[in-house]
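Worksheet: one structure, shown below.
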Amino acid sequence: MGKQNTQSYDATKFSVLNCIDLSNPDINQSVNLLKQACLDSGFFYVVNHGISQEFMDEVFAQSKKFFTLPHKEKMKVLRNEKHRGYTPVLDELLDPENQVHGDYKEGYYIGVEVAEDDPESHKPFYGPNKWPAPDILPGWRETMEKYHQEALSEMLGEPIATLRLLHYEGQVSDPLKGLYGAGAHTDYGLITLLATDDVSGLQICKDRDAKPQIWEDVAPLKGAFVVNLGDMLERWSNCIFKSTLHRVLGNGQERYSIAYFLEPSHDCLVECLPTCKSDSNPPKFPPILCRDYLSQRYNDTHADLKIYKKQPT
């Protein structure tokens, strides 16, 4: 709890984020906006991304159906060692220096579906998903699989792609008491696409080293993804692009969001890009395989998972 007195809790300031319109015919303008966002904060909006609002509404409705199930039903699909399934409230501790308890949110992980007998299933983030029984939630699996595939449709190769449904109960956060919807953190991987409802709560801190830290609200934007860069991309770019600290503060309203985490393939070598290093700015990190990097980061956050050890290649 030692860092509490270095933070500012005035949530009246809204962050102005660049908005990337994927239907904009002026590609140069979009590229310049994107580059500036990556350099400044690592957060931006994306609109006209090709996933209809009607379908997004259906995904949110199905997500809510799951989280309103009785606790005993949700526990039947409890998260496994492959990071699939239900994560209860307080399961995740993102900011141990400032949080008294874990996050006041519950979630559900869905990854790339790989059969148990598939040779690829030995990899840390591949395997079969866990699904609620179809008689409990008819059509739920089909909706989530469709969304996972639509969000993945523009990616090349064999990325690690994880969908995470999130539900914040009507708890009021109090940073002075160490209570958070989601503690301050940066995302582990490459990029995150976040769809939200219209309830505020997401905040970013553009300068994590500032004293006091200044937190800015990120306003919900109907039909948009909030996109943020993760630590892996910051590492890849030799810290030129930003992976920004962010958190969620509950305001007493229920809040739903859907995060989609996109990473490279298991065997991708994360190594400083040639254009991001020089004699005066040498690489700050050694090369590392994507699977090893992500396994360690997940392990650090979910301390109860002991199985994320080095897997056979």
W140 ring center within less than 6.0 Å of Y108 ring center: yes

Are Y180 and H101 near enough that their ring centres are under 6.0 Å apart? no

Is it the case that the side chain of [X] and the backbone of [Y] share a donor-acceptor pair, with hydrogens and angles ignored and the cut-off at 3.5 Å?
X	Y	value
N281	K277	no
D217	A219	no
S257	T196	no
H246	T244	yes
D207	D209	yes
Y168	G252	no
H185	G183	yes
D103	L93	no
N238	C272	no

Just jot down the side-chain contact (heavy atoms from CB on, under 4.5 Å) partners of A61, sequence neighbours excluded, or say none. none

Taking the side chain as every heavy atom from C-beta outward, state whether [X] and [Y] have any atom pair closer than 4.5 Å.
X	Y	result
I258	L163	yes
Y188	M232	no
R291	D267	yes
I204	L17	yes
D40	K242	no
L294	E263	yes

If you take all heavy atoms of [X] and [Y], which pair is closest and at what distance?
X	Y	result
A224	Y45	CB-CD2, 4.3 Å
P128	A115	CD-C, 4.4 Å
L90	G102	CD2-O, 3.4 Å

Qualifying residue for side-chain contact (heavy atoms from CB on, under 4.5 Å) with E106, from K74, E92, H71: K74

Where does the angle between the aromatic ring planes of F225 and Y147 fall among parallel (under 30°), tilted (30 to 60°) and perpendicular (over 60°)? tilted

Taking the six-membered ring of Y86, is the NZ or CZ of K130 close enough (under 6.0 Å from the centre) and on axis enough (within 45°)? no

Does the Lys NZ or Arg CZ of R84 fall within the cation-pi geometry relative to Y109 - under 6.0 Å from the ring centre and within 45° of the axis? no

Taking atom types as modelled, find out whether Q53 and D57 have a side-chain donor-acceptor pair closer than 3.5 angstrom. yes

In Å and rounded to the nearest 0.5 Å, what is the OG to CG distance from S41 to L245? 12.5 Å

Nearest-0.5 Å distance, OG1 of residue T186 to CG of residue D231: 3.0 Å

Which residues pass the ring-ring contact (aromatic ring centres under 6.0 Å, His included) test with F67, not counting sequence neighbours? H167

